[in-house]
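Notes for the one structure printed next.
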There are 2 protein chains.
Amino acid sequence: MPNPPTIKEIAKRLNLAASTVSRALHDHPRIGLRTRLKVQELARELQYEPNQTAIFFQQKKTFTLGIVLPELSEAFFSAAISGIEDTANKSNYMVLLGQSHDDTEREQKILEIMKNHRVDGLLVSLAKNTVNYAHFEMLRKYNIPVVFFDRIPNMPDIHYVASNMESGTIQAVSLLLRQGHRVIGMINGPEKLIASQQRTTGYQKAIQQQRLKYDASLNVNADLTKEGTRNAMQQLLSHKRKVTAIVAFNDYVSQDAVQYAVEQGLEINKDISFVSYANLPISSYMAFPPLASVEQYPYLQGQKATEILLELLSGKLAADQYQQIVIDSRLVIAPGR
Amino acid sequence: MPNPPTIKEIAKRLNLAASTVSRALHDHPRIGLRTRLKVQELARELQYEPNQTAIFFQQKKTFTLGIVLPELSEAFFSAAISGIEDTANKSNYMVLLGQSHDDTEREQKILEIMKNHRVDGLLVSLAKNTVNYAHFEMLRKYNIPVVFFDRIPNMPDIHYVASNMESGTIQAVSLLLRQGHRVIGMINGPEKLIASQQRTTGYQKAIQQQRLKYDASLNVNADLTKEGTRNAMQQLLSHKRKVTAIVAFNDYVSQDAVQYAVEQGLEINKDISFVSYANLPISSYMAFPPLASVEQYPYLQGQKATEILLELLSGKLAADQYQQIVIDSRLVIAPGR
DNA sequence: AAATTTTGCGCAACCGTTTGCCCAGTCATT
DNA sequence: AATGACTGGGCAAACGGTTGCGCAAAATTT
């Protein structure tokens with residue numbers, strides 16, 4: 001009862017060496033069948049369980065993956081983490097969690113702690129204002145592999161999984177164009193974000209496919225806050241051309257924009273229509289859900305990123321074989337529309 | 001560059017014993033000022049960092065808390081985990097995550113793995129169909145303290161933090177009564193859930209405070225699925241007395257119920273009104289948000305539960321001083337109503 | 001029957017840190 | 001000058017498991 005049984009304990013009782021017991025438990029071929037069975041039986045009887053901390057220490061490996069992401073309360077991330085967890089668990093890895101709450105400083109601290117905790121590898125989605133990547137460079141020295149997902153840094157020589165917003169954006173804008181919209185506003189995210197740039201590119205391509213002219217003043221960068229969105233809407237609604245449709249950065253932004261439009265007396269889906277990028281599984285309950293939404297496959301992203309990390313850890317992949325996986329986003333038409 | 005510096009390394013370079021270095025780094029008073037400074041300087045220079053896995057092993061402590069909960073995609077839990085994480089981090093603990101996805105079997109597996117990973121303690125919110133608690137009893141043998149939160153087992157001698165749904169329910173029903181409603185339906189959760197029972201009690205008390213009679217047929221148990229909710233609504237709407245208000249188990253249920261009512265041609269907030277229990281921070285975007293919602297303070301619950309666990313771990317609290325904290329829920333009127 | 005290989009197991013070091021105990025030198029007390 | 005009390009530091013064990021190497025006995029080959 002007091003102390004959990006150890007290998008030494010088993011060895012003593014059976015008059016064997018600890019090494020023999022260890023090997024027997026691992027079905028080492030050099031151990032005779034009889035002793036092997038004896039050992040395994042006693043181990044079962046004593047309910048022996050290896051002390052993982054000892055193994056971690058000895059093997060210099062913790063079977064732990066660190067996850068650093070901005071906010072679990074964002075549906076995208078809580079879906080992604082399920083993909084991560086499921087994949088990690090299949091390979092007997094556990095998941096250490098850290099939320100940056102979109103604060104770079106906190107992100108750095110978490111990284112520091114995780115490094116000290118000796119996680120085997122890291123899965124990271126950046127805080128939205130992280131522009132300095134020194135804390136990630138630092139990890140290279142410690143040989144801790146990092147795979148980024150979704151919010152990836154603008155940095156060479158990294159592993160990442162991200163969705164390409166371009167394809168989904170093309171589809172979204174094309175849909176609006178097919179529906180006859182000609183003046184389409186875009187509430188985009190922070191300019192430096194890759195995801196914002198991809199949205200811009202997609203928007204341009206879709207417009208130009210129809211031999212229309214791209215009007216940069218219809219593409220407004222906002223900061224994803226409610227206030228920012230409202231300002232962007234104000235700007236778009238006062239555009240000299242009449243905006244009849246909006247592509248919003250994500251569902252949260254979309255809903256804030258809808259709210260503003262309603263306040264301005266506009267009738268949704270008549271005066272103005274919305275498409276968005278899927279963050280919310282519950283948008284069917286919304287007063288005015290977007291016409292369509294670009295799916296970003298969060299679970300899949302988490303899964304792929306974890307798979308890469310695991311391959312890096314198992315040596316199947318060399319650290320400098322940089323994996324850069326892009327998952328095409330895809331437009332999903334809201335049911336019943 | 002090859003191996004990270006160790007205490008032994010420092011000791012060798014300074015011609016000291018490892019023990020002296022260790023003590024010097026910990027500002028042990030028995031070490032002279034001069035050597036202490038010398039050691040600390042070299043440590044800084046070499047960028048020495050203690051090998052946590054070695055410390056974990058030696059101290060039989062991992063500074064890791066295991067979190068087991070049903071679903072991070074439920075807003076309640078993603079808020080709770082922030083409370084947990086923040087509190088844990090303050091005391092230099094990290095958080096190991098495991099989602100049961102409301103599957104008892106998976107819950108057991110996670111517990112097993114976490115035990116093997118030697119987490120110092122556990123914070124658990126039960127899968128909704130967990131009725132057998134053997135896997136938790138097992139943890140006692142390993143001296144791993146567990147604090148339950150929100151979804152707590154019906155079991156004596158445990159630590160827990162949970163919100164008491166009764167107070168909020170009384171307030172919710174009272175509000176409806178004040179507004180003139182006399183026939184109030186309740187879509188409750190699974191009968192065996194403590195949270196369901198508390199809702200029932202609260203409902204009864206509020207009714208009886210007004211010298212009205214409790215009608216059990218107005219209190220319907222459902223399984224929280226969309227179908228279950230629709231069945232419950234059907235039952236309530238066909239009640240011989242005309243139901244003019246509904247208390248829904250949570251916001252998800254509420255929205256499903258609203259949807260059903262709308263389909264039946266009822267006008268929300270006129271023919272029928274809804275109050276609910278807060279799960280969704282975004283209900284302001286809903287087509288028909290509940291009139292009011294019972295707040296359950298997820299962040300606070302996570303925080304309190306973690307505080308208790310930390311006190312248990314630090315020995316401030318004995319394992320058998322069972323902490324059972326109940327946080328009163330409180331009705332929050334939706335803004336602008 | 002001798003030489004060789006195989007089989008089965010033990011010895012001991014090692015991973016990095018902490019900590020109880022011991023010891024030598026220094027200083028202060030009688 | 002002898003005794004005692006500090007001061008500053010070292011020795012070695014311990015935490016639990018793994019693994020390279022060595023060695024004897026058994027089995028096989030010649």
Side-chain angles (χ1 to χ4, degrees), chain A residues 2-43 46-64 92 115-120 142-143, chain B residues 2-43 46-64 92 115-120 142-143:
Chain A
N3 305 34
T6 70
I7 279 199
K8 293 182 183 172
E9 178 69 21
I10 298 184
K12 196 177 295 174
R13 296 209 194 197
L14 260 36
N15 262 323
L16 289 172
S19 51
T20 305
V21 174
S22 172
R23 291 191 170 98
L25 290 172
H26 286 76
D27 284 324
H28 191 293
R30 301 298 299 267
I31 302 299
L33 185 60
R34 275 199 312 287
T35 38
R36 201 187 311 173
L37 290 180
K38 253 195 326 195
V39 167
Q40 297 185 348
E41 191 192 323
L42 183 58
L46 260 46
Q47 302 197 49
Y48 166 77
E49 289 173 30
N51 180 335
Q52 298 283 358
T53 63
I55 296 177
F56 293 165
F57 171 48
Q58 206 264 11
Q59 316 258 285
K60 300 172 179 304
K61 211 167 174 297
T62 61
F63 286 94
T64 304
N92 279 315
K115 181 200 69 191
N116 288 342
H117 254 251
R118 296 290 209 267
V119 296
D120 292 340
Y142 293 88
N143 274 321
Chain B
N3 305 33
T6 71
I7 280 197
K8 291 181 184 175
E9 178 69 22
I10 298 183
K12 196 176 296 174
R13 296 209 194 197
L14 259 39
N15 260 323
L16 289 173
S19 51
T20 305
V21 175
S22 172
R23 291 191 170 97
L25 291 173
H26 286 79
D27 284 324
H28 191 292
R30 299 295 302 272
I31 302 300
L33 183 61
R34 274 200 313 286
T35 37
R36 200 187 313 173
L37 290 181
K38 253 195 325 196
V39 167
Q40 298 185 348
E41 192 193 322
L42 183 57
L46 260 46
Q47 301 198 54
Y48 166 77
E49 288 173 30
N51 181 335
Q52 297 284 356
T53 63
I55 297 176
F56 293 165
F57 171 48
Q58 206 264 13
Q59 316 258 287
K60 299 170 177 304
K61 212 167 173 294
T62 60
F63 287 94
T64 305
N92 279 315
K115 181 200 70 193
N116 289 342
H117 254 253
R118 295 289 208 269
V119 295
D120 292 339
Y142 293 88
N143 274 321

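- Counting any heavy atom pair closer than 4.0 Å across all strands shown, B/Tyr48 reaches sugar-phosphate atoms only and no base atom.
- Set against C/dG16, D/dG16, C/dC9, the side chain of B/Lys8 has C/dG16 as its closest nucleotide.
- Between the NE2 atom of A/His28 and the P atom of C/dG8 there is a distance of 12 Å, rounded to whole Å.
- Side-chain proximity of B/Leu16 to D/dG17, C/dT18, D/dG10: nearest is D/dG10.
- Residues B/Leu14 and B/Val39 are in side-chain contact: their nearest non-hydrogen atoms beyond the backbone lie under 4.5 Å apart.
- Summarising the geometry, the separation between CG on B/Asp27 and C1' on C/dT18 is reported as 16 Å, rounded to the nearest angstrom.
- Taking 4.0 angstrom as the limit, A/Ser22 places a side-chain polar atom (N or O) nearer than this to OP1 or OP2 of D/dT18.
- Distance, A/Arg36 CZ to C/dT7 P: 12 Å, rounded to whole Å.
- The shortest side-chain heavy-atom distance between B/Gln40 and B/Asp27 falls under the 4.5 Å cut-off.
- B/Leu25 places its CG atom 11 Å from the C1' atom of C/dT17, with the value rounded to the nearest Å.
- Residue A/Thr35 places at least one side-chain N or O closer than 4.0 Å to OP1 or OP2 of C/dC9.
- In this structure, the side chains of A/Arg13 and A/Leu46 come closer than 4.5 Å at one or more pairs of heavy atoms.
- When each of B/Pro29 and A/Asn51 is assigned the nucleotide of DNA chain D with its nearest heavy atom, B/Pro29 is the one assigned upstream, toward the 5' end.
- In this structure, A/Arg30 atom CZ and D/dT18 atom P are separated by 18 Å, rounded to whole Å.
- Side-chain N/O atoms of A/Thr20 include one lying less than 4.0 angstrom from OP1 or OP2 on C/dG10.
- A straight line from CG of A/Leu37 to C1' of C/dG8 spans 14 Å, rounded to a whole angstrom.
- Note: CG (A/Asn15) to C1' (C/dC11) measures 16 Å, nearest angstrom.
- Each of A/Gly32 and A/Lys60 lies near DNA chain C, and the nucleotide nearest A/Gly32 is the one positioned closer to the 5' end.
- If you check every strand for non-hydrogen atoms under 4.0 Å, A/Thr53 touches nothing.
- Between the side chain of B/Arg23 and the backbone N or O of B/His28, no donor-acceptor pair lies under 3.5 Å.
- The side chain of B/Ala54 lies closest to C/dG16 when the candidates are D/dG9, C/dG16, D/dG10.
- Looking at the side chain of B/Gln58, the nearest of the listed nucleotides D/dT7, D/dC15, D/dT18 is D/dC15.
- When the P atom of C/dG20 is taken as reference, atom CD1 of B/Ile31 falls 14 Å away, rounded to whole Å.
- Look at B/Phe57 and the base of C/dT17; the rings do not stack under the cut-offs of 5.5 Å between centres and 30° between planes.
- No side-chain heavy atom of A/Phe63 sits less than 4.5 Å from a side-chain heavy atom of A/Ile55.
- Two residues, A/Ala17 and B/Arg23, neighbour DNA chain C, and the one matched to the more 5' nucleotide by heavy-atom proximity is A/Ala17.
- Within the nucleic acid shown, B/Ser19 comes within 4.0 Å of at least one base atom, counting heavy atoms only.
- For the pair B/Thr53 (side chain) and A/Phe56 (backbone), a donor-acceptor distance under 3.5 Å is absent.
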